[in-house]
Amino acid sequence: MNLRPRLRDIIEDAVIQEADMSLTGAVLQSEGQLEDSSADVLIVGTDEPHDPEVPTRLLWIAPRMSVLMIAMSGGSAVLYELQPHKKTFGEVTVAALIDAIRLSAGNRELGC
Amino acid sequence: MQEHRPSEAIRLLIVAGVRLYREGMASNLDHREGFSVVGTAGTHPEALDLVGVLRPAVVVLDMAVDRSLELVAAVKCLDRAVKVIAFAVEENDPDIIACAEVGVDGYVACDGSMADLTSTISSVMRGELLCSPRVAATLLRHVGTLATDAREPSATDGLTSREAEILGLIDRGLSNKEIAVHLHIEVATVKNHVHNLLEKLHVGSRKEAAAQLSSRSLANRRRRLGSLPVPDRRP
């Protein structure tokens, strides 16, 4: 998505040389197409790879995908993905349950 | 540098400050038939060293590299036969003209693809220029402006080089005595030169001579600037 031709060519060229990778598509006309896409990783060109707004929206639509945001300058890239988070407690106590609830709420506030 | 024969792979040096572009372009071009990437460089000095050592036929230069125009001039100074292709050129008049003036042989715009780059390299090796109509129009307009400037009579036409020099000093407000000191000549000699140049310019005073020089210089300058439209730097 939104990649300049030179950057798109370079990425396509690199991906097709890898035996365990394949391109499922080069350009998405709309974000709605994401729901039907079989891609595992979505590569997006952007001026602000650290801005979470676009990847958050894309992950909301396709949560099992990873979103690789690449700066148009080619100088930096950021990978966004949702991952299951697991925390094991020892003996269950009321205090441990409260801690678990607090931790969960805290993570949501932080956007984790 | 030897002349390129079509059966030989074109030897390329890739110069880009960003590693992803440098390595990506090198890999992409090296896999294409007819091209051979002999080296890559990320900085101005590194590129210049490699041009001297590797003797590429073409330098593909990402214009985002620091002091890229200076690098083109330095490469041309080192070996005029080396072709330089500017990649990611902003398609506005000042940038295109700046590239042309330092000796760039081919252009690929910011939104150009790798296929555009390979076509440009091939055309440059045939001695042709493959470019957008916008770039072509800018270059033609600039050539026209330069030709007009060359035809335009100058305020110093008909003057000897010494008289022209003295006219320039008069224009800067120097007196005959100051001019004599500046040029290490006698005041009487300066007076002779001033007398001659006033006659040749058909003016009666130093002030008029200086005004004539200023007005013609200004007209030339205005015309040159007027030929350049305001650059559009919108994304």
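Order of the sequence lines fixes the chain letters, A, B, ..., with proteins taken first and strands second; residue numbering starts at 1 for each chain.
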#### Entry: B/Asp116 side chain near A/Pro5 side chain, heavy-atom distance below 4.5 Å
no
### A/Arg6 to B/Phe87 - nearest heavy-atom pair and separation
CD-CZ, 3.4 Å
### Query
Is atom CD of A/Glu53 surrounded by more than 12 heavy atoms (other residues, nucleotides or ligands) closer than 6.0 Å?
no
### Task
Using non-hydrogen atoms and a 4.5 Å limit, figure out which bit of A/Ile11 sits close to chain B: side chain, backbone, both or neither.
neither
### Message
Can you tell me which of B/Met114, B/Arg19, B/Glu23 forms the most heavy-atom pairs within a distance under 4.5 Å of chain A?
### Response
B/Met114
### Query
So does A/Glu48 have more than 12 non-hydrogen atoms from other groups sitting under 6.0 Å from CD?
no
#### Entry: Spacing of B/Ser113 atom OG and A/Ile10 atom CD1 [to the nearest 0.5 Å]
11.0 Å
### Task
Answer yes or no: are there more than 12 heavy-atom neighbours, outside B/Arg80 itself, under 6.0 Å from its atom CZ?
no
### Query
What part of B/Ala115 lies closer than 4.5 angstrom to a heavy atom of chain A: side chain, backbone, both or neither?
backbone
### Task
Check whether A/Glu12 gets within reach of chain B through its side chain, its backbone, both or neither, counting any heavy atom under 4.5 Å.
neither
#### Entry: From CG (A/Asp9) to CG (B/Leu117), nearest 0.5 Å
10.0 Å
### Task
Against chain A, work out which of B/Val18, B/Val108, B/Asn28 has the most heavy-atom pairs shorter than 4.5 Å and name it.
B/Asn28
